[in-house]
4 protein chains.
Amino acid sequence: MKQETVEQIFRAAVEIFAESGFERAKMDDIAQRAQVAKGTIYYHFKGKEELFVALMNSGMEKFTDVVRRATEAHQDPADQLRGLLRAKVTYLYHHGTFAKLLLSEVWGSKERQQAFRARIRDLVELIEGVLRRGGDSRFTSSRDRLHETAVAIFGAISVTVLQEIFRAEDRELLEGDRIEVMLDTLEPLICGALRD
Amino acid sequence: MKQETVEQIFRAAVEIFAESGFERAKMDDIAQRAQVAKGTIYYHFKGKEELFVALMNSGMEKFTDVVRRATEAHQDPADQLRGLLRAKVTYLYHHGTFAKLLLSEVWGSKERQQAFRARIRDLVELIEGVLRRGGDSRFTSSRDRLHETAVAIFGAISVTVLQEIFRAEDRELLEGDRIEVMLDTLEPLICGALRD
Amino acid sequence: MKQETVEQIFRAAVEIFAESGFERAKMDDIAQRAQVAKGTIYYHFKGKEELFVALMNSGMEKFTDVVRRATEAHQDPADQLRGLLRAKVTYLYHHGTFAKLLLSEVWGSKERQQAFRARIRDLVELIEGVLRRGGDSRFTSSRDRLHETAVAIFGAISVTVLQEIFRAEDRELLEGDRIEVMLDTLEPLICGALRD
Amino acid sequence: MKQETVEQIFRAAVEIFAESGFERAKMDDIAQRAQVAKGTIYYHFKGKEELFVALMNSGMEKFTDVVRRATEAHQDPADQLRGLLRAKVTYLYHHGTFAKLLLSEVWGSKERQQAFRARIRDLVELIEGVLRRGGDSRFTSSRDRLHETAVAIFGAISVTVLQEIFRAEDRELLEGDRIEVMLDTLEPLICGALRD
DNA sequence: CATGAATGAGCGTTCATTCAT
DNA sequence: AATGAATGAACGCTCATTCAT
């Protein structure tokens, strides 16, 4: 049970999937980049779909963990929201390959969608929780609107970061302080959600 | 030239592309649903990619027009933003097939991305324009942040609506008043961007 | 609807299937021998299995027809049985490729078996009918034993001819009068079934 | 050397080969059913083909022994033939897995065929011997026809039993007295070969 | 304008076999 | 004697595209 091989495959797979998307990604390319034979992938994963789902589940788990920790590091709901925001933006910006897959593939096939719903719901509920603890805001009144607000915030952050990533790729540079610009942009929008 | 044939192909193509995504969509299926022979598609379009791009350009154009008109119907920037918001949410919710393609395929392959950049920039700039005319807000200070804010708003709206569409599909019903819920949710967030 | 192409594929397929058996037969080889592209086969047949079943159904139909006509050419049951015997032996010996498939593949996979049962039952019932009309023989007493007798006759003929075919292949010659030897051998055995 | 392991592999192999046929049988499945690692099979056998041939040789040997003993238990040729018949039918019916392989795989690939020829010839010659000792029958005149008659008898028995086995599987029951029905059916046919 | 039979490069997957432990 | 992770050649099937009619 060489954990190393699976790790190699995982690393190669994220890259290839992110570069080409699920459909265009070739198992041959993943094998080559992982420096294993094609059969080796199939020894560890049932198929392309399973590899992808395993990948995304693992990715979403790590991602959600980071964001959750950043949120729980604070007491004040406003600080929690800011912590969550910074963590999410930073993580996505630094894991561009993952960020691309998140937005482009999750909405793809019905089956894959189902697999991610639960994972994404975790994240959205994290946001929802912070909003709820925000207390006397007008959003507290309706559970539905709280959820919707969380979804909107999720969308605003994800799309903003992805846009930045493509911008960086076009200009072939990844400026660290773009993160601060994004935070400055998103904070007022999102923290409005806590205002009464 | 029979405009009718092209129209049939267009209609079939939106459906098929939206159901399966660009890669999984089969020209055979499009031809069958359009009730034309496969060769006929190739008589009118150079290939799959061109068909898709033509489709999305046409879709984005209509979409942007609707949103633009809704925006220009008002004078006050705050009203403009609200009009834009309502128009965008309503249009996307009622054109679910188009909404799915917008989020799932735009981030896909490099080439397709390029084709959409310009179209999406139009929309984002529409938002940007409203924000700029919002005047004395602190977002006016930086052109970059204005653009980023517009992108974030674009993301918040798109993801929220898409989420609602999937929710509706799961429950197999499309409630009209969900639009009002979304608007109630998004308005405070987005109009916060105009507040000083 | 070029009937010719399908005909070419059919001809090539019988040969390849008979040479290598169902599993070892390669679609590439069939395509090559049929002088069509591989895709062409899949344009006309859903897959390997369907091609094979179509092939065998068609083969069994022709075969059964020939045997049936030879049987019905006579009035006397004994003559009918002799006619049937001669027709079956002759046909199988001259269609060695088909004969091989008949014995080696029919017992193969459960699915394929099902597909052939009906066809083989037709043949066996043909034999059964002749035996029944044989009249006062002791086999008439039991329907079951009539059926079993027919099956045994079917087996005796098939295995004998197949054995001769392999013998001929080993010696690389196909002697016409081997058919007479087989007939002389099988007739006493089989016509015993009509004796009282 | 642990004889036990080889025995386990053997038992598993007969089952798997009979269930799926040589080509479709997977070494993985054999290993799993034998409860050994895949490598273990290759430690004891050179490969799939060798395992199969070893299996069938062993099976044919047991089978031929049983039939030979049943034949030699009698003095009168007619009794010998009846004993042989009963032994063969009973053995095959009770070893259905082996019976299936006998008919479906022997005619398969050229190589496997060669391996079985000798073994099957033994059986056929056993029958031939009895027929020859049958004495003054008209079949004695020609060595060739004696051999052919033996082959035909071999075929009649094998196909009849196999047919019964499939019938039993369809109805999911294995009636003991079906053996008597088969014997009653085959005896008149076959013993006709001894009649003058 | 329109057709649909034909194409073939390309890809996911399988599985007998090997070998270091 | 036994293991099981790793291999890679092989194969069935797909589908965008072409072209003669």
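Below, chains carry the letters A, B, ... as their sequence lines are ordered, and counting in each starts from 1. We use all heavy atoms of the structure for the numbers below, so side chains are in, but hydrogens, waters and symmetry mates are not.
For the pair B:M27 CE and F:dC15 C1', the computed distance is 10 Å after rounding to whole Å. Atom CD of A:Q32 is separated from atom C1' of E:dC11 by 15 Å (rounded to the nearest Å). Distance, C:E23 CD to F:dA10 C1': 14 Å, rounded to whole Å. The CD-P distance, from B:E50 to F:dA16, rounds to 15 Å in whole Å. Distance CD1 (B:I16) to P (F:dC15): 12 Å, rounded to an integer number of Å. Rounded to whole Å, atom C1' of F:dA16 lies 16 Å from atom CZ of B:F52. Going from atom CZ of A:R24 over to atom C1' of E:dG12 covers 16 Å, rounded to whole Å. A straight line from CD1 of A:I41 to P of F:dG8 spans 13 Å, rounded to a whole angstrom.
With contacts defined as side-chain heavy-atom distances shorter than 4.5 Å, the pair B:K100/B:F166 qualifies. Between B:K26 and B:I16, every side-chain heavy-atom pair lies at or beyond the 4.5 Å cut-off. The closest side-chain heavy-atom distance from A:L101 to A:M56 is below 4.5 Å.
Looking at which nucleotide of DNA chain E each of B:Q35 and A:A25 is closest to, the 5′-most match is held by B:Q35. With DNA chain E read from its 5' end, the first of the two nearest nucleotides for B:V36 and A:K46 is the one closest to B:V36. Both B:F22 and A:G39 lie close to DNA chain F; mapped to their nearest nucleotides by heavy-atom distance, the more 5′-ward contact belongs to A:G39.
For A:Q32, the CD atom is loosely surrounded, since the number of other residues' heavy atoms within 6.0 Å does not exceed 12.
E:dT13 is paired with F:dA10 under the criterion used here, namely a Watson-Crick or G-U wobble arrangement in which both key atom distances are under 3.5 Å. Of the nucleotides present, E:dT3 is the one that pairs with F:dA20 by Watson-Crick or G-U wobble criteria, both distances under 3.5 Å.
In this model, no side-chain donor or acceptor of A:K38 finds a partner on the base of F:dT7 within 3.5 Å.
Side chain of A:E50 to main chain of A:K46: a donor-acceptor pair is present (N/O by atom type, distance under 3.5 Å, no hydrogens or angles).
Listed nucleotides F:dC15, E:dC11, F:dC11 differ in distance to B:D28; the shortest reach to its side chain belongs to F:dC15. For A:H44, whose side chain is taken as the heavy atoms from C-beta onward, the closest listed nucleotide among E:dA16, E:dG12, F:dA6 is F:dA6. Proximity note for D:T40 (side chain, C-beta onward) versus E:dT14, F:dC15, F:dA2: the nearest is F:dA2. Of the listed nucleotides (F:dA16, E:dT7, E:dT13), F:dA16 has the atom at the smallest distance from the side chain of B:K48.
Salt-bridge check for B:E23 with B:K48: failed, with every basic side-chain N at 4.0 Å or more from each acidic carboxylate O.
Considering only side-chain N and O atoms, D:Y42 lies under 4.0 angstrom from the phosphate OP1 or OP2 of E:dT17. In terms of phosphate contacts, D:T5 brings no side-chain nitrogen or oxygen within less than 4.0 Å of OP1 or OP2 of F:dA1.
Remark: the separation of the P atoms in F:dT21 and E:dC1 is 23 Å, to the nearest Å.
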